[in-house]
Number of protein chains: 2
Amino acid sequence: MKVNIFDVAKKSGMSIVTVSRVLNNAPTVREINRQKVLDAIKELNYSPNSAARTLVRGKTGIIGLTVTALGDSVFDCIVKTVHDRLKQNGYFLAISILDESNGDTEEASNFLFQEDRVDGIIVLSPVQEDRYVAELERKGIPFVVVDNQTENADFPTINVDNYKGGYEATNHLLELGHTHIAHISGQVLFLSSRERQKGFIDALAEEGLTPYLLANSRFGVRSGFQVMQDWIRSGQVPTAVFAGDDAIALGVVQALEANGYRVPEDVSVIGYDDQYISEELNPRLTTIRQPAVQMGEHAVFALLDILNHVKPSQTNLRLQPQLIVRESTAVCKGKNDRNRRD
Amino acid sequence: MKVNIFDVAKKSGMSIVTVSRVLNNAPTVREINRQKVLDAIKELNYSPNSAARTLVRGKTGIIGLTVTALGDSVFDCIVKTVHDRLKQNGYFLAISILDESNGDTEEASNFLFQEDRVDGIIVLSPVQEDRYVAELERKGIPFVVVDNQTENADFPTINVDNYKGGYEATNHLLELGHTHIAHISGQVLFLSSRERQKGFIDALAEEGLTPYLLANSRFGVRSGFQVMQDWIRSGQVPTAVFAGDDAIALGVVQALEANGYRVPEDVSVIGYDDQYISEELNPRLTTIRQPAVQMGEHAVFALLDILNHVKPSQTNLRLQPQLIVRESTAVCKGKNDRNRRD
DNA sequence: GTGAAAGCGCTAACAG
DNA sequence: CTGTTAGCGCTTTCAC
């Protein structure tokens, strides 16, 4: 691609300024000349150099989105939403993987951070949040963090009320008459895990109950399986389990079934996230759905607002999760004497 | 970020040229001066403007990767591999979602395509392949297509031998003594679906068998469930099923179990792709694994070779899939009389 | 070793 | 309506 605006100007007989005007849809170009330019552009197969444009305009038209994990339904949906909304607003989306591994080296390996390649960045659920926020602030790059780890963050964030999610999940179980309710949390390193757990405990407390069992584990099918397996072996089987995410829930279901328990007849299980697969599982998983579309939309709007200076660059949004009742939870039939460990 | 190379020059007492040299690690800078510049850079919190660099250097240092679907283990792994390999070679990765929806409008909405924002592009499993290839070629952007749809493509491609995969899957079933083998394919629109099916039929033919049942369906749990359900209702139950992908396989397993059949005791099921979840399912799914890491690596190497002109820009690589035997397939116990439909 | 000068391709004033 | 004149911030000859 060596053909530049000058070539087009020559070919069309116009000046480069006129070509530039046509390129930018300026209304002040005579239709005949406009056509001449357009023809030349097509003939020459010309397309403007974006680096030059960016340089002179001072903005890239690109919004960056950093991601840590792929293959997750929630993130997946957020990414797609962000992509669409950005497009509607004339921005392009560049996704980049945040490499959490090289915590030692101080230079962020991410190209979005490294230079001024974007007009703004949406940081999706980073683990080393502080580090990125600090870097972004130092470089003066406008950003929004989605699913952040810091309570009372002093930078713009979009979050889900995980406390509420944990509370609602537990409440659902409570309403079904369960009293022997266990919880398996994801890594407590994550604020979201701690909040869900807190919601769980508080919901129980409001009914004068305490957790039947409580395990601080990690996200994943294996973890759920392992914990449930251990509980069963130790003779402690709750009538209901609130799993920190759908993967844990799946593991719990499998451990239960492997030991002759039926879900939800014998034990109810509720997950968290509403992954695609959760609806396809057998039994279809009751779960707490994250408002992924909303998260994506608000992230985009918040960032664009910052870029356009229409709002204070300090928004901390907290969205509400939603209980999705499917087949893995049912009315409690078993031991209903409160908190007795039998 | 208004501080530029000029500010650094002034602050450090050097010329902008020297600053530039330091920036580019030129060896011809006196150590003392180098330090002065470095200090000024740090104090001013300066970082070079990438647009300006790109403009003058004629290259961006960015490789684009277009993706159509997220949330797929195979793609996920490819993306991660590409990211890492690129990084090792001094390139940054920008991922972008290919919007297949706007087939009517002729302008590709993808920012990677639209302007010269990347040095090269890796196109991952596009549906409207021809369209993108044409555009890329017209714009003169170096590219590689991974998992392409065209047979005998005249552009660089990295593929998996889907015929072989279908053949191996079927062969595995054959070796277990199955003769009543069914296949549920994904959309025949995809070359991969057709090739897997062809491998299936040929493997059968070599044993003098024909498909017990054959359904051209679509990828997804529901499809698999539906097809299997229909077969069961019509009284035609194969002893083994080769599913077009793991999702279909999961649906098949569910339909089977819902109707009192056990997997693999009564019916063997083999999937395709080896999604993360497949290993966590119950029964753990026997499947054909795509060599995702290899695909990613070869894609990067092929593209870098093109960029460095070390190889002809025409490579059509065909990688081999791998049979992963787990729990969902077993020796055939049932009807072993060849092809009799009972 | 270092700096002055000349662009990279484009857009934004300003004239005409 | 159109063209001339300046840069945007950086790298790259080419002198010194």
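Residue numbers begin at 1 in each chain, while the letters A, B, ... track the order of the sequences. These numbers come from the heavy atoms of this one structure, side chains and all, not from hydrogens, waters or symmetry mates.
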For residues 63-73 of chain B, the salt bridge (charged side-chain N to carboxylate O under 4.0 Å, His left out) pairs (sequence neighbours left out) are none

Separation between NZ (A:Lys59) and CG (A:Asp116), nearest 0.5 Å, reads 13.0 Å

What contact category does B:Thr18 fall into here, base, sugar-phosphate, or nothing, at under 4.0 angstrom with non-hydrogen atoms? sugar-phosphate

Of all heavy-atom pairs linking A:Ala292 and A:Val74, the shortest is CB-O, 3.8 Å

Rounded to whole Å, the CG-C1' distance (A:Leu55 to D:dC8) equals 4 Å

D:dC1 phosphate, OP1 or OP2, under 4.0 Å from A:Thr28 side-chain N/O
no

- Message: Closer than 4.0 angstrom, basic N to acidic O: yes or no for A:Lys80 and A:Asp84?
- Response: no

Residues 297-309 of chain A vs salt bridge (charged side-chain N to carboxylate O under 4.0 Å, His left out), sequence neighbours excluded, gives A:Arg85-A:Glu297, A:Asp305-A:Lys311

A:Asp116 CG to D:dC8 P, in whole Å, measures 15 Å

Rounded to the nearest 0.5 Å, the CG atom of A:Asp273 sits from the CZ atom of A:Phe75 at a distance of 8.5 Å

Between CG of B:Asp7 and P of D:dC8 the distance, given in whole Å, is 11 Å

With sugar-phosphate taken as primed atoms, P, OP1 and OP2 and all else as base, the protein-contact string of nucleotides 10-16 of chain C at under 4.0 Å (heavy atoms; B, S, -) is SBBB---

